[in-house]
Amino acid sequence: MEEKLHDIRQTFQKFKAAYATNSFDTCSNLLSQLKVKLTELPGLPPLFKPSPTAVQELLLARDIFEHAVVLSVKMEDQDAFERHFLQLKSYYTDTRGLISPSEQEYPILGLNLLRLLVQNRIAEFHTELELLPPEAHENPCIKHAVELEQSFMEGAYNRVLSARQTVPHETYVYFMDLLAKTVRDEIAGCSEKAYDSLSVADAKKILMFSSDRELQGYVIEDHPNWEIRGSSVYFQKVKDLAPCKEIPSLQLINQTLGYARELERIV
């Protein structure tokens with residue numbers, strides 16, 4: 001078993017060297033090899049077979065899957081993140097008392113909460129939150145995700161957008177950017193329904209852009225049906241394209257009166 005562990009460690013060292021230089025293709029290939037090699041270790045979940053090297057096996061496997069989770073963030077691959085996180089999760093929940101806690105546990109758990117929030121999987125967000133021990137809620141990484149969810153549900157979008165500047169871990173930036181785009185799209189949708197136009201200055205303030213160029217890029221890429229003319233952003237084009245439906249007010253009045261007469265007869 002020592003030989004297998006030595007072989008896995010050597011491959012993992014190659015993975016970390018490629019990881020340090022952002023050689024993602026090499027990392028992916030080596031990670032595939034590592035996952036195959038890990039299946040040969042009997043001390044890992046779900047078997048947890050007792051062996052003289054069981055603790056070493058668990059620590060090594062946990063370290064590998066933690067790197068795999070962070071790699072998926074760097075590669076901006078949310079599907080890979082979910083797969084690797086589910087593989088890693090049992091090392092956090094089922095090995096307590098067998099190996100020492102990981103320093104990366106709360107940053108990665110917070111990162112998963114942030115992913116669920118970005119994907120609008122609010123029920124799963126709260127389920128994962130309930131599974132955490134009470135002391136975890138005081139961790140900055142967990143608190144960050146909880147405060148973001150509260151701000152998002154309250155519609156305090158400015159707090160969500162400004163939270164990018166105070167992320168508790170560098171790996172959070174990717175999901176924060178995705179969340180910022182979701183929030184901006186929500187604000188943009190409300191703005192085009194509420195106004196015919198806004199000044200460029202007001203549009204920048206509402207959407208929290210720091211320059212006219214950022215606003216212009218957002219309009220071109222995400223809202224080509226908006227129009228920037230002079231110092232204003234016009235949404236009227238959107239409204240002109242939207243189908244207009246007449247409300248059959250007279251018919252609704254007659255139906256309501258009919259229901260009232262029928263109810264009076266019953267009573």
Could you check whether any side-chain N or O of Thr95 sits under 3.5 Å from a backbone N or O of Leu98, counting only pairs where one atom can act as donor and the other as acceptor? no

For Asp7, is there any backbone N or O sitting under 3.5 Å from a side-chain donor or acceptor partner on Thr11? yes

Just checking Tyr195 against Phe235, ring centres under 6.0 Å apart? no

Without hydrogens or angle criteria, can the side chains of Lys89 and His84 be said to hold a donor-acceptor pair below 3.5 Å? no

Side chains of Gln119 and Arg115: any donor to acceptor distance under 3.5 Å? yes

Any cation-pi pair here, Arg164 with Tyr172, using under 6.0 Å and within 45°? no

Have a look at Arg121 and tell me which of Glu128, Glu82, Glu149 forms a salt bridge (charged side-chain N to carboxylate O under 4.0 Å, His left out) with it. Glu82

Indicate yes or no: at least one non-hydrogen side-chain atom of Asn120 is less than 4.5 angstrom from one of Thr182. no

Distance flag, aromatic centroids of Tyr92 and Phe85, threshold under 6.0 Å: no

In the single-linkage hydrophobic clustering (I, L, V, M, F, W, Y; side-chain heavy atoms under 4.5 Å), do Leu131 and Phe125 co-cluster? no

For Leu34 versus Phe12, what's the shortest heavy-atom pair and its separation? CD2-N, 3.8 Å

Residue from Ile64, Thr26, Asn29, Leu31 passing side-chain contact (heavy atoms from CB on, under 4.5 Å) with Phe15: Leu31

Salt bridge check, Lys181 against Glu186: does any charged N sit closer than 4.0 Å to a carboxylate O? no

Check: Ser72 side chain, Val69 main-chain N or O, donor-acceptor pair, under 3.5 Å: yes

Under the criterion ring pair (Phe, Tyr, Trp, His ring centres under 6.0 Å), I'd like the reasoning laid out for Trp226 against Tyr234: C-alpha separation, chi angles, the key distance, then a yes or no. CA-CA 6 Å; Trp226 291 6; Tyr234 291 89; over 10 Å; no

CD/Glu130: more than 12 non-hydrogen atoms of other groups inside 6.0 Å: no

Can a salt bridge be assigned to the pair Glu214 and Lys204 using a cut-off of 4.0 Å between side-chain N and carboxylate O? no

Mark yes or no for whether Arg184, through its side chain, and Leu207, through its backbone, hold a donor-acceptor pair below 3.5 Å. yes

Please check if atom CD in Glu170 has more than 12 non-hydrogen atoms from other residues, nucleotides or ligands closer than 6.0 Å. no

Hydrophobic cluster membership, Val173 vs Leu114, 4.5 Å side-chain cutoff: yes

Ser232 side chain vs Ile228 backbone, donor-acceptor pair below 3.5 Å: no

Using the six-membered ring of Tyr19, assess whether NZ or CZ of Lys74 lies under 6.0 Å from its centre and within 45 degrees of the ring axis. yes

Would Ser28 and Asp25 count as a side-chain hydrogen bond (donor to acceptor under 3.5 Å, both in side chains) here? Give the steps. CA-CA 5 Å; Ser28 296; Asp25 290 339; 5.4 Å; no

Any donor-acceptor pair under 3.5 Å from Thr53 side chain to Gln56 backbone: no

Would you say the side-chain atoms of Asp185 and Tyr218 include a donor-acceptor pair closer than 3.5 Å? yes

